[in-house]
Protein chains: 2
Amino acid sequence: MSDAELTRQNILTVAADEIHQHGFKATSLSIILNRCEISKGALYHHFTSKIELGYAVFEEIYTPMFLDVWQSALSADDPVEGLCEFFTSMTEQMSCSEVVCGCPLNNLCEEMANADEGFRLRILSMQEQLNQLIVNSLERIHVDLRTGLILSQVGYFIVATLNGATTLSKSSRNKELFQQVIAELCLYIRALKVVA
Amino acid sequence: MSDAELTRQNILTVAADEIHQHGFKATSLSIILNRCEISKGALYHHFTSKIELGYAVFEEIYTPMFLDVWQSALSADDPVEGLCEFFTSMTEQMSCSEVVCGCPLNNLCEEMANADEGFRLRILSMQEQLNQLIVNSLERIHVDLRTGLILSQVGYFIVATLNGATTLSKSSRNKELFQQVIAELCLYIRALKVVA
DNA sequence: CTTGCAACATACCAAGCGGTCGGTTATTAT
DNA sequence: ATAATAACCGACCGCTTGGTATGTTGCAAG
């Protein structure tokens with residue numbers, strides 16, 4: 001990787017962390033410059049504006065990270081158990097800072113979907129991709145599932161609850177609340193199956 | 001109501017609307033001053049700082065509004081049906097701007113719980129009050145409910161899902177997504193009861 | 001060897017922010 | 001009537017923000 005590309009990646013990584021911690025609007029370019037030990041000229045050589053940097057972070061950092069982790073959870077033989085294990089391991093591995101900072105995509109949806117069309121469309125596309133992943137994996141085991149389920153609706157319900165749980169936990173600063181909601185969510189997910 | 005108190009209330013109302021629309025940090029005092037047609041001196045006569053104004057909005061506008069609406073939903077003879085009707089009527093009455101702006105408390109939790117201790121504690125207290133309301137009303141009909149339910153967990157699950165649904169809907173700018181999640185949430189809530 | 005452009009650095013800018021302060025008007029108590 | 005204070009005004013301040021324009025360095029092709 002060339003020096004220039006290294007600089008670019010470094011900016012993206014640091015910016016992703018700052019945006020995760022403080023949100024997009026509250027993220028200061030000068031702090032990114034300090035952390036990267038570069039000048040303003042360097043940043044504006046690689047990105048035309050703050051919002052374009054934000055888009056790049058979304059597309060090159062958040063999106064692949066997000067798809068990877070859901071993909072692997074849903075590719076289990078039994079996606080229902082895959083999801084539950086994924087959620088449970090989240091609560092176990094979750095550090096305190098992650099409880100406080102929440103999910104980057106959920107944060108951006110809250111903050112920017114209403115304020116910037118570019119962010120809104122990217123977030124929307126991400127949500128639809130994620131929902132499709134869930135629907136596809138549930139369809140794989142449709143013979144084990146209750147009849148009458150609207151899978152797309154179920155997918156959005158799961159994502160909504162997970163996001164709601166992270167937001168809710170921010171005020172208590174510990175993962176107890178998160179764990180409770182996740183536990184209830186796993187009950188719901190497992191109840192999607194017909195009783196054996 | 002005295003003129004001074006009228007001014008104060010006007011500031012609170014306008015500030016509540018601005019914070020709802022743009023979040024706390026992005027809310028500009030000068031815009032509030034313009035909308036209220038008052039001077040900066042007037043505002044700082046009634047409130048010592050921007051953050052104190054934010055606290056006042058939370059306590060005097062958002063909190064009572066929030067408790068009122070949940071209280072009345074949960075005081076129905078059957079709180080399960082009360083909740084479902086409440087949620088369903090939300091989707092029907094919801095204007096486009098409300099879809100876009102989301103729930104004021106959920107927004108503040110996302111934005112400020114991590115950034116300001118005063119907001120965090122107020123939000124936490126609000127969440128606990130709300131959960132207690134739900135738990136109390138479900139306990140009233142515990143004979144109709146499935147055994148083994150952890151009511152506190154159920155309460156937080158409901159709130160988390162509702163909040164997640166509002167956030168999720170922001171990116172699509174319409175209430176279709178919200179309605180889907182709410183529909184699934186009502187299925188979940190009604191399934192709390194034992195089959196008759 | 002030199003020409004040229006990518007890859008930076010630095011100084012600067014206007015705008016907006018929350019907040020302060022001295023002054024003015026209106027109201028109320030004595 | 002007067003004194004005191006509440007209620008309000010508006011100019012000003014320091015600071016930070018995203019963004020720009022000019023200048024410098026270094027590598028790489030011709």
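Computed from heavy atoms alone, side chains included, the values below leave out hydrogens, waters and symmetry copies.
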Asks: From CD1 of A/Ile32 over to C1' of C/dC8, roughly how many Å is that when rounded to an integer?
Replies: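 One finds 17 Å between C1' of C/dC8 and CD1 of A/Ile32, rounded.
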Asks: For the residue pair B/Phe157 and B/Tyr188, does the interplanar ring angle fall in the parallel (under 30°), tilted (30 to 60°) or perpendicular (over 60°) class?
Replies: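 The arrangement is tilted - the two ring planes meet at 30° to 60°.
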Asks: In whole angstrom, give the distance that lies between atom NZ of A/Lys40 and atom P of C/dC8.
Replies: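 The answer, rounded to whole Å, is 17 Å.
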Asks: Can you list the steps and then say if B/Lys170 with B/Val99 is a side-chain contact (heavy atoms from CB on, under 4.5 Å)?
Replies: CA-CA 6 Å; B/Lys170 284 189 177 185; B/Val99 179; over 6 Å; no
Asks: Categorize B/Leu43 for me: base, sugar-phosphate, or nothing, with a 4.0 angstrom heavy-atom threshold over every strand shown.
Replies: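 It contacts nothing in the nucleic acid.
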Asks: May I have the distance from A/Asn34 (atom CG) to C/dA9 (atom C1'), rounded to whole angstrom?
Replies: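 After rounding, the reported distance stands at 14 Å.
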Asks: Would you indicate, yes or no, if D/dA6 has its OP1 or OP2 atom less than 4.0 angstrom from a side-chain nitrogen or oxygen of B/His46?
Replies: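 It does not, given that no N or O in the side chain of B/His46 lies less than 4.0 Å from OP1 or OP2 of D/dA6.
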Asks: Whole angstroms only, please: what is the CZ-C1' distance between B/Phe47 and D/dC8?
Replies: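 Taking atom C1' of D/dC8 as the reference, CZ of B/Phe47 is at 14 Å.
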Asks: If we ignore angles and hydrogens, is there a donor and acceptor under 3.5 Å between the side chains of A/Asp116 and A/Tyr55?
Replies: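 Their side chains do contain a donor-acceptor pair, which is all the 3.5 Å distance test asks for.
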Asks: A/Leu33 CG to C/dA11 P: how many Å, rounded?
Replies: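 Between P of C/dA11 and CG of A/Leu33: 14 Å.
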Asks: Measure the acute angle between the ring planes of A/Trp70 and A/Phe66, then classify it against the limits of 30° and 60° as parallel, tilted or perpendicular.
Replies: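 Ring orientation of A/Trp70 relative to A/Phe66: tilted.
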Asks: Distance alone, cut at 3.5 Å: any donor-acceptor contact between the side chains of B/Gln71 and B/Ser75?
Replies: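 Checked: B/Gln71/B/Ser75 side chains show no N/O donor-acceptor pair below 3.5 Å.
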Asks: Just to confirm, is there a sub-4.0 Å distance from OP1 or OP2 of D/dA7 to any side-chain nitrogen or oxygen of B/His45?
Replies: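 The answer is yes; a side-chain N or O of B/His45 sits under 4.0 Å from OP1 or OP2.
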Asks: Measure the CD-CD1 distance between B/Glu139 and B/Ile134 for me, rounded to the nearest 0.5 Å.
Replies: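 Between atom CD of B/Glu139 and atom CD1 of B/Ile134 there are 12.5 Å.
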Asks: Check DNA chain C against residues 5-30 of chain A and give the residues with a non-hydrogen atom under 4.0 Å, in numerical order.
Replies: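 Heavy-atom cutoff 4.0 Å gives A/Thr7.
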Asks: Where the side chain of B/Ser49 is concerned, which of D/dC9, C/dG19, D/dA7 is the nearest nucleotide?
Replies: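 Looking only at heavy atoms from C-beta outward on B/Ser49, the closest nucleotide is C/dG19.
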Asks: Round to a whole Å and report the spacing from OH of A/Tyr44 to P of C/dA11.
Replies: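 Answer to the nearest Å: 18 Å.
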